[in-house]
Participant: 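Below is a structure I'd like to ask you about.
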Protein chains: 2
Amino acid sequence: MTTDEAEATRPVTRIQREKQEVILEAALDVFSKFGFRGSTIDQIAEAAGMSKPNLLYYFKSKEDIHAPLLARILDTWLEPLREMDPAGDPLPEIQSYIRRKLEMSRDFPRESRLFANEMLRGAPGFYDILHTDLKNLVDEKAKIIKGWMAQGKLAKTDPYHLIFSIWATTQHYADFDIQVRAVLGRERGAEGRFEDAARFLDQLFLHGLSPKK
Amino acid sequence: MTTDEAEATRPVTRIQREKQEVILEAALDVFSKFGFRGSTIDQIAEAAGMSKPNLLYYFKSKEDIHAPLLARILDTWLEPLREMDPAGDPLPEIQSYIRRKLEMSRDFPRESRLFANEMLRGAPGFYDILHTDLKNLVDEKAKIIKGWMAQGKLAKTDPYHLIFSIWATTQHYADFDIQVRAVLGRERGAEGRFEDAARFLDQLFLHGLSPKK
DNA sequence: AATTTTTTTGACCGATTGGAAAAATTCTAG
DNA sequence: CTAGAATTTTTCCAATCGGTCAAAAAAATT
């Protein structure tokens, strides 16, 4: 009953599923570059290889294309953090969190930029979630990290800013990709850049910059 | 003669200087939130407290408002890096670079976001500068850092990624301000947040997360 | 005070925007 | 093959966009 209702609300034929995917894919390209306000339906339609009215047959407004993209992202984005295991060893646990986050930057740069765009304009579509789901998750993980620190398994620092610094350093490679590439030149391909980044971040987070005496 | 010419090219009366400043100030507000394409002249005009045609009397196009803002920024933005002194002690030198960069994030968040917006859309107005001025400066400073490492005054890591990580962590507090605030709650004011960030970044970059044995 | 220059306003323009409506087409189930 | 549903195209619309222009108003100069 309710299942029928739900399916009736968003009826999905084969072609609908396909085209909706194509549209979201195209919209991700466009929105991630220009943000919501800077993107146009025509632009998305062209990227999706269809006419604007045809696109509007599948999503009835610009907002309706944008919203599911956002909803999808935050979840994906926080998955690596959710996976951080309180039962594991602190340093390897954090190390692999950084690694996973960096891989997401490499594999989903558009998603990262879409998220960044949303933050820059004040996250109007995210505001509630940030203060509830996100905050709760970070609070929970911060507590775990604090526990590790109390056990002497981790240097004592602010766990919140630790998480911020992991977000910042990893996402930087997606969001500021242009800058990173300009500075590094084309001597090293994308894979190489991410390998170097991974190595550096390991060093930074594990030992910092002080020389071993 | 040439001076007269130059002044004649951009004649500046008292009221022109003032209004141009007001406009750029308002434009920074708007552009930093919505990016170039997402911002409208009307929006800027309203923020500047004048009519659109009046604004266009001072800047003849949207581009003409945007361009000087960008030009102004990159210079300001790289100043802290320029100040990094090869003759100084490595660790304090890097530490104070981080501090200066963090202060810029605190004091000029809109500039930071404008810059981020420009990067996200592929930095069309920055492309040349990134590959010349920026790359040269970073190359130069990377060489200095490498020298320090060779002298054993600094742990051996990739100097480029070190610089990236400093950019990323410090700018994060401006660009993702909304998220940072949502997570930290209002228990601690803006000053407190930046103090905590400064302390954490010192710890991270100097010693990393490994516990002292 | 008269005049010239600078600033502001209001009315307007063509292009682009997000979107609606309906006709034309294609697909699919019987 | 055919009726009905799903999809696509064509045409259109009001609002907003970046920007122009001439006239009015305000300042500055004489």
Participant: Is there a donor-acceptor pair under 3.5 Å between the side chain of A:Ser96 and the backbone N or O of A:Arg99?
Facilitator: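 Judged by distance alone, no pair lies under 3.5 Å.
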
Participant: Hey, is the side chain of B:Lys62 pairing donor to acceptor with the base of D:dG19 inside 3.5 Å?
Facilitator: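 No, no donor-acceptor pair under 3.5 Å.
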
Participant: To the nearest angstrom, how far is B:Ile44 atom CD1 from D:dT16 atom P?
Facilitator: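 Distance, rounded to whole Å: 17 Å.
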
Participant: Atom CD of B:Glu63 and atom C1' of D:dG19: how far apart are they, to the nearest Å?
Facilitator: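 Those two atoms, CD and C1', are 14 Å apart.
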
Participant: Mind checking A:Phe59 for me? I need base, sugar-phosphate or nothing, with any heavy atom below 4.0 Å counting as a touch.
Facilitator: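 Nothing, no nucleic acid heavy atom in range.
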
Participant: So that I know where these two stand, are B:His66 and B:Phe59 an aromatic pair - ring centroids less than 6.0 Å apart?
Facilitator: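 No, the ring centres sit 6.0 Å or more apart.
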
Participant: Please give, in whole Å, the distance from D:dT8 C1' to A:Glu46 CD?
Facilitator: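 After rounding, the gap between these two atoms is 18 Å.
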
Participant: Side chain of B:Pro53: nearest nucleotide among C:dA11, D:dC17, C:dT17?
Facilitator: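 So the nucleotide nearest the side chain must be C:dA11.
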
Participant: Any side-chain N or O of B:Gln16 below 4.0 angstrom from OP1/OP2 of C:dT6?
Facilitator: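 Result: no.
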
Participant: Please report, rounded to the nearest Å, how far the C1' atom of D:dA6 is from the CD atom of A:Gln20.
Facilitator: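 Atom CD in A:Gln20 sits about 13 Å away from atom C1' in D:dA6.
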
Participant: Toward the 5' end of DNA chain D, which comes first, A:Asn54 or A:Arg37, by nearest nucleotide?
Facilitator: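 Going by which nucleotide is closer to the 5' end, it is A:Asn54.
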
Participant: Which of these nucleotides, D:dT8, D:dC17, C:dG19, is closest to any side-chain atom of A:Lys19?
Facilitator: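 My answer, after comparing the listed nucleotides, is D:dT8.
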
Participant: Round to the nearest Å and state the distance from A:Leu55 atom CG to D:dT7 atom C1'.
Facilitator: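 Value for this atom pair: 13 Å.
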
Participant: Using a 4.0 Å heavy-atom cut-off, does A:Leu56 contact any base of the nucleic acid, only the sugar-phosphate backbone, or nothing at all?
Facilitator: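 A:Leu56: base contact, heavy atoms under 4.0 Å.
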
Participant: Could you work out which one of D:dG19, D:dC17, D:dT8 sits closest to the side chain of A:Tyr57?
Facilitator: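 Among D:dG19, D:dC17, D:dT8, the one nearest the side chain of A:Tyr57 is D:dT8.
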
Participant: Can you tell me the distance, in whole Å, between the CZ atom of B:Arg17 and the C1' atom of D:dA27?
Facilitator: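 Those two atoms, CZ and C1', are 15 Å apart.
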
Participant: Go through it in stages, so that I can follow the logic: the residues are A:Glu111 and A:Leu28, the test is side-chain contact (heavy atoms from CB on, under 4.5 Å), and I'd like the CA-CA distance, side-chain angles, deciding distance and then a yes or no.
Facilitator: CA-CA 7 Å; A:Glu111 281 81 350; A:Leu28 181 56; 3.3 Å; yes

Participant: Has the side chain of A:Lys52 got a donor or acceptor atom sitting under 3.5 Å from an opposite partner on the base of C:dG18?
Facilitator: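 It does, because a donor-acceptor pair links the side chain of A:Lys52 to the base of C:dG18 below 3.5 Å.
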
Participant: Would you mind reading off the distance between A:Lys60 atom NZ and C:dA21 atom C1', rounded to a whole angstrom?
Facilitator: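 In whole Å, C:dA21 C1' and A:Lys60 NZ are 17 Å from each other.
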
Participant: Tell me whether B:Lys135 contacts the main-chain N or O of B:Leu130 through its side chain, where contact means a donor paired with an acceptor under 3.5 Å.
Facilitator: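 Here the side-chain-to-backbone pair does not exist.
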
Participant: Is the distance between the ring centroids of B:Phe115 and B:Phe126 under 6.0 Å?
Facilitator: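 Yes, close enough.
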
Participant: My understanding is that a pair needs two contacts under 3.5 Å, Watson-Crick or G-U wobble. By that rule, which nucleotide pairs with D:dT30?
Facilitator: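 Checking every strand shown, D:dT30 finds its partner in C:dA1, with both distances under 3.5 Å.
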
Participant: A:Ile41 CD1 to D:dT16 P: how many Å, rounded?
Facilitator: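 To the nearest whole Å, that distance equals 15 Å.
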
Participant: Side-chain N or O of A:Ser51 less than 4.0 angstrom from OP1 or OP2 on D:dT8?
Facilitator: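 Checking A:Ser51 against D:dT8: no side-chain N or O falls below 4.0 Å of OP1 or OP2.
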
Participant: Can you tell me which nucleotide in C:dT8, C:dT17, D:dT20 comes closest to the side chain of A:Asp42?
Facilitator: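 The closest nucleotide is C:dT17.
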
